[in-house]
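Worksheet for the structure shown next.
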Amino acid sequence: MQRLLFPPLKALMGSPCLRLLVPRAAPRTQCGCSCGIRSLLRPGQYSTISEVALQSGRGTVSLPSQAAERVVGRWLLVCSGTVAGAVILGGVTRLTESGLSMVDWHLIKEMKPPTSQDEWEAEFQKYQQFPEFKILNHDMTLAEFKFIWYMEYSHRMWGRLVGLAYILPAAYFWRKGWLSRSMKGRVLALCGLVCFQGLLGWYMVKSGLEEKPDSHDIPRVSQYRLAAHLGSALVLYCASLWTSLSLLLPQHKLPETRQLLWLRRFAHGTTGLVFLTALSGAFVAGLDAGLVYNSFPKMGESWIPEDLFTFSPTLRNVFENPTMVQFDHRILGITSVTAVTALYFLSRRIPLPRRTKMAAVTLLAVAYTQ
């Protein structure tokens, strides 16, 4: 980890940053004679590099801009990986129906799991007071409860780890002066989004703990809040990864041709389409809509089911009718794969750097695997 985040000492020793403490001589001026005249800068003046400053009165020097950017880029790359892990763990929590096992939320207190039999009994009794136990799991044993409780606990603890992975290094880099002005704004936004994710997660869970006397359906979290929770996680992941790669990989300077502009716009549109498909998947998960029809490409015996518009008003079917939600998700998924395929063939018609071509091929492979 140390070698990943911090550049080798030898590289820093060869950096022009270490010459900051030596007064810089002005260039020689030609005066028509055989000698050159050198004039030193005034006392207190030092040569500067972009984003490198001498901290007056402290005797410490920040890293050169390129070295600092590599450190920050690697940090954000690690952070994006932790967010991806949180999304995967959240999916496992959803599949095991563990999300409603912890019926309260405390930032610090709940970090310590129950240890004694009495503590587990008390935790289980709290769970028994809520709709999921009364309607769905009324015959659950304490051992079964421990399993789903630990699944939700691991997801929450991983979320806390993600928060620490963002906030603590960000404060350190900020204090060291390794963040440019624009990067400070991005880092603040990312840290704020991490905190928002935690609050949104509890807001989502709370919707599944509410008593609904007029409903006999299986207790579940709101599909709207689930989609918001997943969507904000995807935004956090993409923003972190994009910022990281922007710092670690040099930007290619390509001529702004009409074909390149069209390819870039098409790539942005494909990104939005994939994001929308992922959000529709959250609605499928929230409504258990994937269980309605389990045949493909047809839905049952027909291409277009008859119960697409059973709810009133019509717009409500898009978000609350399980049949319509699954139908929309199928259409969006097929459209996303088609768009990625078209993007790949468009990229082959334009002279692009090797790295960009590899990204297009990888995207195509991942899309068809998905």
Side-chain angles (χ1 to χ4, degrees), residues 1-2 5 75 78-172 190-212 218-222 225-226 228-230 232-233 236-237 282 285-286 288:
M1 180 63 71
Q2 183 179 4
L5 292 178
W75 160 58
V78 172
C79 287
S80 64
T82 62
V83 174
V87 173
I88 295 172
L89 192 54
V92 174
T93 303
R94 175 63 188 167
L95 289 174
T96 55
E97 298 183 345
S98 307
L100 301 178
S101 58
M102 298 179 68
V103 296
D104 48 16
W105 187 87
H106 303 284
L107 182 61
I108 304 299
K109 182 180 178 181
E110 73 180 24
M111 293 178 66
K112 178 182 177 297
T115 54
S116 65
Q117 183 69 17
D118 291 340
E119 290 178 347
W120 276 114
E121 291 287 353
E123 193 71 25
F124 192 27
Q125 287 177 6
K126 288 194 295 183
Y127 174 69
Q128 292 172 354
Q129 299 173 11
F130 288 88
E132 185 176 69
F133 177 83
K134 297 177 181 178
I135 299 175
L136 184 64
N137 296 331
H138 51 84
D139 56 348
M140 175 176 282
T141 64
L142 180 60
E144 293 171 333
F145 170 72
K146 286 182 179 181
F147 172 77
I148 64 171
W149 192 93
Y150 271 120
M151 290 301 303
E152 173 65 9
Y153 175 77
S154 62
H155 183 52
R156 293 192 184 190
M157 292 304 296
W158 188 270
R160 286 169 172 79
L161 177 64
V162 173
L164 292 177
Y166 275 91
I167 295 173
L168 293 183
Y172 176 80
L190 292 175
C191 291
L193 189 54
V194 168
C195 297
F196 175 73
Q197 264 292 93
L199 296 175
L200 188 58
W202 170 243
Y203 181 65
M204 176 192 70
V205 170
K206 195 175 179 181
S207 65
L209 301 175
E210 298 172 351
E211 294 279 356
K212 300 175 182 177
I218 297 175
R220 57 170 65 97
V221 299
S222 165
R225 300 183 190 184
L226 178 60
H229 190 48
L230 176 63
S232 60
L236 177 63
Y237 168 76
D288 287 331

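Computation of the quantities below employed the complete heavy-atom set of this structure, encompassing side-chain atoms and omitting hydrogens, waters and symmetry-equivalent molecules. For the single chain, residues carry numbers from 1 onward in sequence order.
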State, with a plain yes or no, whether a side-chain heavy atom of [X] is found less than 4.5 Å away from one of [Y].
X: E123; Y: D118; value: no
X: I148; Y: Y127; value: yes
X: L100; Y: F130; value: no
X: I135; Y: I218; value: no
X: L142; Y: Q117; value: yes
X: E119; Y: K112; value: yes
X: C195; Y: I167; value: yes
X: E144; Y: F124; value: no

Has the side chain of [X] got a donor or acceptor atom that lies under 3.5 Å from a matching backbone atom of [Y]?
X: W158; Y: T82; answer: yes
X: R220; Y: G208; answer: no
X: W75; Y: A165; answer: yes

Nearest 0.5 Å please: distance from the [atom1] atom of [X] over to the [atom2] atom of [Y].
X: R225; Y: S207; atom1: CZ; atom2: OG; result: 4.5 Å
X: F196; Y: H229; atom1: CZ; atom2: NE2; result: 10.0 Å
X: L168; Y: Y172; atom1: CG; atom2: OH; result: 12.5 Å
X: M157; Y: L89; atom1: CE; atom2: CG; result: 12.0 Å
X: H155; Y: S101; atom1: NE2; atom2: OG; result: 11.0 Å
X: E121; Y: Q128; atom1: CD; atom2: CD; result: 8.0 Å

OH/Y203: more than 12 non-hydrogen atoms of other groups inside 6.0 Å: no

Taking [X] first and then [Y], would you say they form a salt bridge - that is, a charged N and a carboxylate O separated by under 4.0 Å?
X: K206; Y: D104; value: no
X: E211; Y: K134; value: yes
X: E110; Y: R160; value: yes

Taking the six-membered ring for Trp and the single ring otherwise, decide whether the centroids of Y150 and W120 are under 6.0 Å apart. yes

What are the two closest non-hydrogen atoms of E152 and S98, and how far apart are they? CB-O, 3.3 Å

Minimum-distance pair of heavy atoms, taken over all atoms of M102 and W202: O-CZ3, 4.3 Å

side-chain contact (heavy atoms from CB on, under 4.5 Å) evaluation trace for L200 with S232: CA-CA 9 Å; L200 188 58; S232 60; 3.6 Å; yes

Kindly determine whether Y166 and L190 satisfy side-chain contact (heavy atoms from CB on, under 4.5 Å), including the steps that lead there. CA-CA 8 Å; Y166 275 91; L190 292 175; 4.1 Å; yes

Suppose we screen for side chain to side chain donor-acceptor pair (under 3.5 Å). Which residues come up paired with T93, at least two apart in sequence or across chains? none

Using the rule given for side-chain contact (heavy atoms from CB on, under 4.5 Å), can you reason through E132 versus V103, listing the C-alpha separation, both sets of side-chain angles and the distance that settles it, and then say yes or no? CA-CA 11 Å; E132 185 176 69; V103 296; over 6 Å; no

Assess the side chains of Q125 and Q129: does a donor N or O sit below 3.5 Å from an acceptor N or O? no

